[in-house]
Amino acid sequence: MSHYTFETAEQVMQVYGAPRVARRRSLVNIRTIEGPVEVFASPTGELHGSQAVDLVVVPIDGSEPYPCKVSTFHQSWIETEPGSGLYRRKALAKVVPVPQGHEVVVRSKEGEHRIHHPDFIAIGIHGEVYANSAEWVASNLEFLPVEEAV
């Protein structure tokens, strides 16, 4: 078994190469963090949201909410219609599959997560990394052909 720890997109791409590009399928609402810190369960570990710097992204498809930095949210999402409260992802998603036989620790802004095949490492707009379960990717992302991803 191969073991890696990643904190940046650059580290991931040095080991696994370029990410796959996908379009986000779902729409979301947002809300504020409840209390000074709110903890969220995810398939890959706990996520921590801080009232001072995070929003909660709430997918309208009923999947689990998760924290996102306010600045990252406003750079990454756009309201579908002014005043609607529904947002869609502006940027394309970039993810790297974890190969069979590899165990990866992803250190994100929200916490540390241990993942393995068939999970994915997501790359954020600032080169930060996150863990995405294979189930979440299958439910939420549509991979683009290479020619559309450029």
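Heavy atoms only: backbone and side chains are in, while hydrogens, waters and symmetry mates are out.
- Relative ring orientation between Tyr16 and Tyr4 is described as perpendicular, the plane-to-plane angle rising above 60° on a 0-90° scale split at 30° and 60°.
- Note: the hydrophobic cluster containing Trp136 also contains Phe143 (ILVMFWY, side chain heavy atoms under 4.5 Å, direct or indirect links).
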Could you please spell out the steps behind the side-chain hydrogen bond (donor to acceptor under 3.5 Å, both in side chains) verdict for Tyr130 and Glu128?
CA-CA 7 Å; Tyr130 301 95; Glu128 71 277 23; 3.2 Å; yes
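- Between the side chain of His117 and the backbone N or O of Val98 there is at least one donor-acceptor pair closer than 3.5 Å.
- If you chain together hydrophobic residues whose side chains sit under 4.5 Å apart, Val96 and Val104 fall into the same group.
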Worked verdict on Ile60 versus Leu86 for side chain to side chain contact (heavy atoms under 4.5 Å, CB included)
CA-CA 9 Å; Ile60 64 168; Leu86 288 176; 3.7 Å; yes
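- By the side-chain contact (heavy atoms from CB on, under 4.5 Å) test, Gln51 pairs with Ile33, sequence neighbours left out.
- Closest approach of Pro118 to Ala134, counting heavy atoms only: O-CB, 3.2 Å.
- Put simply, the side chain of Asn140 reaches to within 4.5 Å of the side chain of Arg24, judged on heavy atoms.
- Without hydrogens or angle criteria, Glu79 side chain to Gly85 main chain gives a donor-acceptor distance under 3.5 Å.
- Between the side chain of Arg88 and the backbone N or O of Leu27 there is no donor-acceptor pair closer than 3.5 Å.
- Within a 6.0 Å sphere centred on NZ of Lys69, heavy atoms belonging to other residues, nucleotides or ligands number more than 12.
- Using a 4.5 Å heavy-atom cutoff, the side chains of Arg31 and Val58 are in contact.
- Here His48 contributes atom NE2 and Asp54 contributes atom CG; the two are 11.5 Å apart, rounded to the nearest 0.5 Å.
- Looking only at side-chain heavy atoms (C-beta outward), Lys94 and Arg20 stay at 4.5 Å or farther from each other.
- Looking at Gln11, its side chain does come within 3.5 Å of a backbone N or O of Thr8 through a donor-acceptor pair.
- Checked by atom type and distance alone, the side chain of His113 pairs as donor or acceptor with a backbone atom of Thr44 at under 3.5 Å.
- Here the CG atom belonging to Leu92 is positioned 12.5 Å from the CD1 atom belonging to Ile125, to the nearest 0.5 angstrom.
- In this structure, the separation between CD on Glu46 and CZ on Phe40 is 11.0 Å, given to the nearest 0.5 Å.
- Hydrophobic clustering of Ile, Leu, Val, Met, Phe, Trp and Tyr side chains at less than 4.5 Å, counting indirect connections, keeps Val137 apart from Val129.
- Rounding to the nearest 0.5 Å places SG of Cys68 at 9.5 Å from CD1 of Ile30.
- In this structure, Met13 is a member of the same hydrophobic cluster as Ile121, with clusters built from ILVMFWY side-chain heavy atoms closer than 4.5 Å.
- Taking OG from Ser139 and CZ from Arg25, the interatomic distance works out to 7.5 Å, rounded to the nearest 0.5 Å.
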Passes side chain to side chain contact (heavy atoms under 4.5 Å, CB included), Val95 versus Ile123? Steps please.
CA-CA 6 Å; Val95 295; Ile123 297 175; over 6 Å; no
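- The main-chain N or O of Ile115 is never found under 3.5 Å from a side-chain atom of Asp119 such that the two would form a donor-acceptor pair.
- Cluster membership check: Leu55 shares its hydrophobic cluster with Val28, using side-chain heavy-atom separations under 4.5 Å among Ile, Leu, Val, Met, Phe, Trp and Tyr.
- Contact detail for Met1 and His102: the closest heavy-atom pair is SD-C, 3.9 Å.
- The shortest side-chain heavy-atom distance between Pro67 and Val56 does not fall under the 4.5 Å cut-off.
- Interatomic distance, His116 NE2 to Ser2 OG, rounded to the nearest 0.5 Å: 14.5 Å.
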What donor-acceptor contacts under 3.5 angstrom involve side-chain atoms of residues 70-78, with partners at least two apart or in another chain?
unit_1	atom_1	unit_2	atom_2	d
Gln75	OE1	His126	NE2	2.7
Ser76	OG	Thr72	O	2.8

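- Of all the heavy atoms in Ala131 and Val106, the pair that sits closest is N-CG1, 4.0 Å.
- Put simply, the side chain of Ser63 never gets that close to the backbone of Pro59: no donor and acceptor are under 3.5 Å apart.
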